[in-house]
Amino acid sequence: MEDCIMRMWRLKYDEGLLGGVSLEDDSPDRAMVLWIEFLSRCPTPCFGVFMSTVRCRIAPSPSGFLHIGTAKMALFNWLYARKMGGTFVLRLEDTDAERTDETFVKAMCEGFTWLGIDWDEGPAFGDDGPRGDFGPYRQSERKVFHQEAGQKLLAENKAYRCFCTREELEVEREAAQREKRHRNKCACRNLDAAAAEQRKDEHHTVRFKVPEGHTEVADMVQGTVRTENRELDDFVILKPNGDPIFHLAVVVDDALMKITHVIRGDDHLTNAARHVLLFDALGYERPQFAHLPMVLDETGKKFSKRLHGANVLDWRDDGYLPEALINYVALLGWTPAEENRELFTIEELQEAFDPTRWSKSAARFDRKKFDWLNGQHIRSLAPSVLQERIVAILADAGFDTAQKDDAWFATLTEVCQEKLATLNQIVGLSDFFFNEIAEYEAKPVKKHWRADGAVELMTQLIGRMEGVKDWNRDPLKDAYKALGEEIGVGLGKLVHPTRLALTGKSVGPGLFELAELLGKETCLARMRQGLAYIETSLCDEGANAS
RNA sequence: GGCCCCAUCGUCUAGGCUGGUCUAGGACACCGCCCUUUCACGGCGGCGACACGGGUUCAAAUCCCGUUGGGGCUACCA
């Protein structure tokens, strides 16, 4: 098999049809994946086989919001489809009516929209109608297909009606476990077809008749996984009310939607054997499978739904960029071929994404590293774009952004772009532009305003400020430098007390930049306010001491 | 319990298939220094790992077996 693949590969390679890929460098595994990729994107009949183009899908069940784990799977499917020039399909697995709610559907799609993960085919959402020729794209509207498939299996004796009660099954399940043996197939399996047909109005499920032998699933990530069929029970495919069970529904939907690559979480790895059996039994072509490890939280546990950050929109609310989240999540399970490279735009990701470099082991979500990556993305943002986002955040924070003009915000952006790890940090970096100083941080007060001569120094600084005619960062800095030289102290000695008076804090944007933005009048007023604070607190101390 | 998957610095990982070039490389974090008005950015340096035990071999992070740990499946959930 491998030889055959390599030969065909070589043939195409020699014909120059595999531009840019060197055969010699590649392992058989990689060659096989690349070959499959090649076949998939091949627009013309190839060796007598007409290969369709890549079709990937994400099939979430809308039970609340877009979970970070679902987002990873969506991302990998989407990136792969985009890389291969294929189609990305969104299908809603909303068969569990109790857990499905339209507000959930909306919330989830909002997550995708924020991330910028768009689908070529999918259900109606908002003002957009459904897209694609393989609908409907909501599983709840596809029951006829599932039932039809179930009936076909029944008719071909590949499935049977099971009249066992839950209680009976439970007893057998427990007995099997106690006696350390496999579960016995129930008697219904061998019921005469005609007899069973007569009882079809009785309460029953339809079970798939798992054949003898073993099942192999060729997985793009996990390699070939072999399962002994005796490990698989005759699983239910249709509930008593005729509704399909998940296993039947996914297989039928994936097949009918012509999905070529099923890329999903490795929690489905064991299920894949069942699915393959179903694909075969229904006469469908098997898709390629790829089972990716799931996303773990910072403690190494499965990312709980209740944890902050499980909802991708939490990250939006916390000031992270969607492109940064996509970059980070892509890195959680994929390594670029280009070594020592981690920063990717979405376009670069679509180009570089390579399924042979998908990782097999689960990765923790590391907030610190994500912070760093987000900071990198913020730095590479066009200033005008960053400005727009910053203004929105400040407005949301309740600041009166209308009082400043565009040029002012442009300067603020320029001054802060290098400092932000998250967008939201802009609030702490610029609140003093919009609000009066309510209180001064205790530590810097002690350090800079309690020193001997603080009052004199502040008085002198106020004098220098008053003397600055052209109120800009450079003249102001020059004035400060001049004073420093005259009285023989470093710039820092002048800057810190000033920063405290102007912002109430010890950290923030560059002092002279910030003073420029604040304006001369406000600066002077705050310096005088600071001076008064020093004087009164000295008085208080004096009073307390006596 | 049975079956399946996974296992390199604290974290994400390169290397593993094709054993020697790995006294194990990078990134984040941490620590130190430099730059600097603070913080951040940036630069330089440091700390830090092949889970354990057996094999195979002249040689194992790499191949094999076992153990341990983590995860999954084992539903008339998806």
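Any value given below was found using the heavy atoms of this structure, including those in side chains, with hydrogens, waters and symmetry copies removed. All chains are named by letter (A, B, ...) in the order of the sequence lines, taking the proteins before the strands, and each is independently numbered beginning at 1. Here the structure is a predicted model, which is why all the values come from computation and not from measurement.
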Show me the donor-acceptor pairs within less than 3.5 Å that the side chains of residues 211-218 of chain A make with the rest of the protein, sequence neighbours left out.
unit_1: H214(A); atom_1: ND1; unit_2: R226(A); atom_2: NH2; d: 3.1
unit_1: H214(A); atom_1: NE2; unit_2: R226(A); atom_2: NH1; d: 3.3
unit_1: T215(A); atom_1: OG1; unit_2: N229(A); atom_2: OD1; d: 2.6

NA contact type, [X], heavy-atom cut-off 4.0 Å: base, sugar-phosphate, or nothing?
| X | answer |
| --- | --- |
| K505(A) | nothing |
| R341(A) | nothing |
| T165(A) | base |
| D267(A) | sugar-phosphate |
| K493(A) | nothing |
| H247(A) | base |
| R207(A) | sugar-phosphate |
| R274(A) | sugar-phosphate |
| H203(A) | base |
| R181(A) | nothing |
| H268(A) | base |

Rounded distance in Å between the [atom1] positions of [N] and [M]:
| N | M | atom1 | value |
| --- | --- | --- | --- |
| C17(B) | A51(B) | P | 16 Å |
| U56(B) | G66(B) | C1' | 15 Å |
| C77(B) | G10(B) | P | 44 Å |
| U74(B) | C31(B) | C1' | 49 Å |

Below 6.0 angstrom between ring centroids: does that apply to Y328(A) and W315(A)?
no
Determine whether the aromatic ring centres of residues F208(A) and Y160(A) are separated by less than 6.0 angstrom.
no
What pairs with T224(A) under side-chain hydrogen bond (donor to acceptor under 3.5 Å, both in side chains), at least two apart in sequence or on another chain?
none
Rounded interatomic separation in angstrom, taking CD from E339(A) and P from G25(B):
12 Å
Report the residue from R183(A), R189(A), K209(A) that forms a side chain to side chain donor-acceptor pair (under 3.5 Å) with D234(A).
R189(A)
Pairwise N/O distances under 3.5 Å, protein to nucleotides 36-40 of chain B:
unit_1: U37(B); atom_1: O2'; unit_2: H496(A); atom_2: NE2; d: 3.2
unit_1: U37(B); atom_1: O2; unit_2: R499(A); atom_2: NH2; d: 3.1
unit_1: U37(B); atom_1: N3; unit_2: L511(A); atom_2: N; d: 3.3
unit_1: U38(B); atom_1: O2'; unit_2: S506(A); atom_2: O; d: 3.4
unit_1: U38(B); atom_1: O2; unit_2: G508(A); atom_2: N; d: 3.1
unit_1: U38(B); atom_1: N3; unit_2: R499(A); atom_2: NH2; d: 3.1
unit_1: U38(B); atom_1: N3; unit_2: G508(A); atom_2: O; d: 2.9
unit_1: U38(B); atom_1: O4; unit_2: G510(A); atom_2: N; d: 3.4
unit_1: C39(B); atom_1: O2; unit_2: K419(A); atom_2: NZ; d: 3.1
unit_1: C39(B); atom_1: N3; unit_2: K419(A); atom_2: NZ; d: 2.2
unit_1: C39(B); atom_1: N4; unit_2: K419(A); atom_2: NZ; d: 3.3
unit_1: A40(B); atom_1: O2'; unit_2: E418(A); atom_2: O; d: 3.4
unit_1: A40(B); atom_1: O2'; unit_2: K419(A); atom_2: O; d: 3.3

N/O-N/O pairs, protein side and nucleotides 45-50 of chain B side, under 3.5 Å:
none

Residues in ring pair (Phe, Tyr, Trp, His ring centres under 6.0 Å) with H247(A), at least two apart?
F235(A), H275(A)
For nucleotides 10-13 of chain B, tabulate all protein N/O to nucleotide N/O atom pairs closer than 3.5 Å, reporting atom names and distance.
unit_1: C12(B); atom_1: OP1; unit_2: R364(A); atom_2: N; d: 3.2
unit_1: U13(B); atom_1: O3'; unit_2: T335(A); atom_2: OG1; d: 3.1

